[in-house]
J.: 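The structure is given below, and queries will be raised subsequently.
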Amino acid sequence: MAKDEPGANIAELIRPLRVKPGSRVNLARDFDPAYKLAGLTKKESAGLLRTGIAMLADYQARLAAQDTYGVLVCLQALDAGGKDGTIRHVMSGVNPQGVQVSSFKVPSAEELDHDYLWRYARRLPARGDIAIFNRSHYEEVLVVRVHPDNLDREKLPPACKGKGVWERRYREINDWERYLTDNGIKVVKLFLNLSREEQRVRFLKRIDLPEKNWKFSAADARERERWDDYQVAFSQMLSATSTAWAPWYVIPADRKWFARICAAAVIAQTLIDIDPHYPQLGKEERRQLLEVKAELEAQAPKGAPADPFAARSRVSAP
Ligand code: ATP
Ligand code: MG
């Protein structure tokens, strides 16, 4: 893409965030949670985000009209990583009819009675839609791995939960995402990468401000104690499941404003790549439309223009 083409800046912005398929990720070494584009200020970022949001709205309208591709956005983060705010801001311009957000919590009894991908499969986007997973099937190789008692609750046959279970899940997830991609459902994976210190600050804010208290739970503090285990689980998951068809993007999350721009950019890039178009009518359909147009024009009351819309907007008659 030429440097001045629309989308060139987006491609440049997200390139350093992409986890190269096949690479071995060490989160702490490879991705800085405080990274931002050199020279970009928070002030300038507001305009940039507005542009991104407008772009998403336009592309989503075309995605829905074309009705061929669906987009699945998977959001993963540690607690206080900013998933909710990212969804709120980035999707603020799109038509709510075309977007479904699903939040995945501790599985219910009914969900535990099924294979582990079942509950995620039920929330996949239809063609033309964008589905956002607030937490996703990746919890199955993250929280379930860090706390293996979760695996016991999943009622697997004994032979299916021994050694190699995580490698097997990586493979199953990759295969599932490949199947989806091959069938027109594009998978976008965003990991909001927060530093330990920034999490501490955000937890304190949730404790200090009464209106934020509901966002904090003692469980969040307990999970924080397992920080290093999660870093390992995230690193392995990123290494094993960043694929050519569904790569991971590690979003620097210490600055919320920058994280939002990056998230919008990755989703926008997916839509740019899909390049959805409004459907074009065939010759026969077009002829039928013109027939109806002639009938409607003939029904114009006395003194009214035959086609007030065309008269007002000066569209050239077909
Ligand atoms: P918030 O940001 O509002 O706290 P949240 O996504 O953290 O939102 P919670 O209800 O606080 O929502 O937490 C959901 C919990 O469910 C998380 O701790 C998550 O790890 C856990 N969870 C999600 N999927 C699974 C799973 N498959 N097995 C076990 N636990 C899961
Ligand atoms: Mg929580």
Side-chain angles (χ1 to χ4, degrees), residues 33 72-91 100-124 131-156 160-161 165-166 168-170 172-173 176-177 189-196 198-238 241 251 253-254 256 259-260 263:
L72 168 63
V73 180
C74 302
L75 261 183
Q76 285 295 151
L78 281 167
D79 287 307
K83 289 181 277 106
D84 292 354
T86 301
I87 296 169
R88 198 170 59 245
H89 282 83
V90 172
M91 304 314 285
Q100 300 87 38
V101 183
S102 300
S103 299
F104 295 100
K105 316 256 175 190
V106 177
S108 68
E110 188 194 17
E111 288 166 346
L112 289 171
D113 245 352
H114 289 266
D115 63 279
Y116 73 95
L117 288 177
W118 180 77
R119 67 172 180 159
Y120 309 99
R122 298 175 88 204
R123 301 290 179 165
L124 286 171
I132 299 179
F133 281 5
N134 182 353
R135 298 188 189 268
S136 68
H137 47 295
Y138 282 98
E139 290 293 323
E140 304 290 342
V141 291
L142 293 167
V143 67
V144 180
R145 184 169 193 176
V146 173
H147 299 283
D149 46 314
N150 284 305
L151 194 64
D152 296 333
R153 279 192 281 277
E154 292 187 1
K155 299 181 166 179
L156 289 161
C160 303
K161 59 182 177 184
V165 61
W166 309 117
R168 204 188 70 224
R169 284 197 169 187
Y170 293 147
E172 289 160 350
I173 287 172
W176 188 55
E177 291 177 355
K189 305 189 299 205
L190 306 176
F191 168 55
L192 302 179
N193 186 27
L194 188 70
S195 70
R196 192 167 153 80
E198 181 60 22
Q199 189 192 53
R200 188 178 77 92
V201 175
R202 291 188 191 173
F203 277 178
L204 283 168
K205 185 173 174 190
R206 290 178 178 188
I207 293 167
D208 292 344
L209 298 176
E211 70 274 21
K212 297 247 179 212
N213 285 173
W214 65 274
K215 277 198 151 218
F216 187 76
S217 79
D220 293 349
R222 275 201 304 279
E223 286 307 273
R224 180 174 163 80
E225 286 170 16
R226 305 296 300 272
W227 182 273
D228 291 340
D229 298 328
Y230 272 108
Q231 294 293 301
V232 172
F234 275 118
S235 297
Q236 295 195 0
M237 173 275 270
L238 292 167
T241 62
I251 309 283
D254 275 9
K256 287 182 178 174
R260 286 165 193 167

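These numbers were taken from a predicted model, which means no experiment stands behind them. We count ligands from 1, going down the list as the structure has it; atoms in each ligand are counted the same way.
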J.: Any sub-3.5 Å donor-acceptor pair from R206's side-chain atoms to F216's backbone N or O?
T.: no
J.: Which class fits the ring pair F104 and F133: parallel under 30°, tilted 30 to 60°, perpendicular over 60°?
T.: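 Ring orientation, 0 to 90° scale: perpendicular.
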J.: Mark the output for H147 as yes if a heavy-atom distance to ligand 1 is under 4.0 Å, and as no if none is.
T.: no
J.: Go through ligand 1 atom by atom and flag the ones less than 4.0 Å from a non-hydrogen atom of V144.
T.: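 Those atoms are 28 (N).
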J.: So which protein heavy atom does atom 28 (N) of ligand 1 come closest to, and at what separation?
T.: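 It is P107 CD, 3.3 Å.
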J.: Does ligand 1 have an atom that lies less than 4.0 angstrom from a heavy atom of R119?
T.: yes
J.: Under 4.0 Å, heavy-atom basis, I'd like to know which part of D220 is in contact with ligand 1: side chain, backbone, both or neither.
T.: neither
J.: To which protein heavy atom is atom 31 (C) of ligand 1 closest, and what is the distance rounded to 0.1 Å?
T.: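 Result for atom 31 (C) of ligand 1: V143 CG1, 3.6 Å.
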J.: D79 versus Y230: any side-chain heavy-atom pair under 4.5 Å?
T.: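 D79 vs Y230: side chains apart.
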J.: At the 4.0 Å heavy-atom cut-off, does Y120 count as touching ligand 1?
T.: yes
J.: Between R153 and D149 (salt bridge meaning N to carboxylate O under 4.0 Å), is one present in this structure?
T.: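 Salt bridge present between R153 and D149.
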J.: Whether the H137 and E172 side chains hold a donor-acceptor pair (N or O, under 3.5 Å, no angle test) is what I'd like checked.
T.: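 Result is no, nothing qualifies.
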J.: Return a yes/no value: protein heavy atom under 4.0 Å from atom 11 (O) of ligand 1?
T.: no
J.: I'd like to check whether V106 has a polar contact with ligand 1, where a contact means an N/O of the residue lying under 3.5 Å from an N/O of the ligand.
T.: yes
J.: Using a strict 4.0 Å cut-off to heavy atoms of D79, name the atoms of ligand 1 that fall inside it.
T.: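 Under 4.0 Å from D79, ligand 1 has these atoms: 7 (O).
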J.: Below 4.0 Å from any atom of ligand 1, is there a heavy atom belonging to S103?
T.: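 Heavy atoms of S103 never come under 4.0 Å of ligand 1.
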J.: Is the side chain of R226 donor-acceptor paired with the backbone N or O of V143 at a distance under 3.5 Å, no angle test?
T.: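 Pair absent, no side-chain N/O of R226 close to backbone of V143.
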J.: Just going by heavy-atom distances, which of E140, E139, E223 is nearest to atom 27 (N) of ligand 1?
T.: E140
J.: I173 versus M237: any side-chain heavy-atom pair under 4.5 Å?
T.: no
J.: Which residue holds the protein heavy atom closest to atom 29 (C) of ligand 1, what is that atom called, and what is the gap in Å?
T.: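 So the nearest neighbour among protein heavy atoms is N150 OD1, 3.4 Å.
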J.: Have a look at L78, N134, D84, L75 and point out the one with the heavy atom closest to atom 2 (O) of ligand 1.
T.: D84
J.: Quick one: does any side-chain atom of Q76 pair with a main-chain N or O of S136 as donor and acceptor, under 3.5 Å?
T.: yes
J.: Between the candidates K83, R135, K105, which shows the shortest non-hydrogen contact distance to atom 17 (C) of ligand 1?
T.: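 Nearest option to atom 17 (C) of ligand 1, by heavy atoms: R135.
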J.: Taking all atoms of both residues into account, what is the closest heavy-atom pair of N193 and P33, and its distance?
T.: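 Scanning both residues completely, I find the closest heavy atoms to be O-CB, 3.2 Å.
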J.: Does a side-chain heavy-atom distance below 4.5 Å link E154 with K161?
T.: no
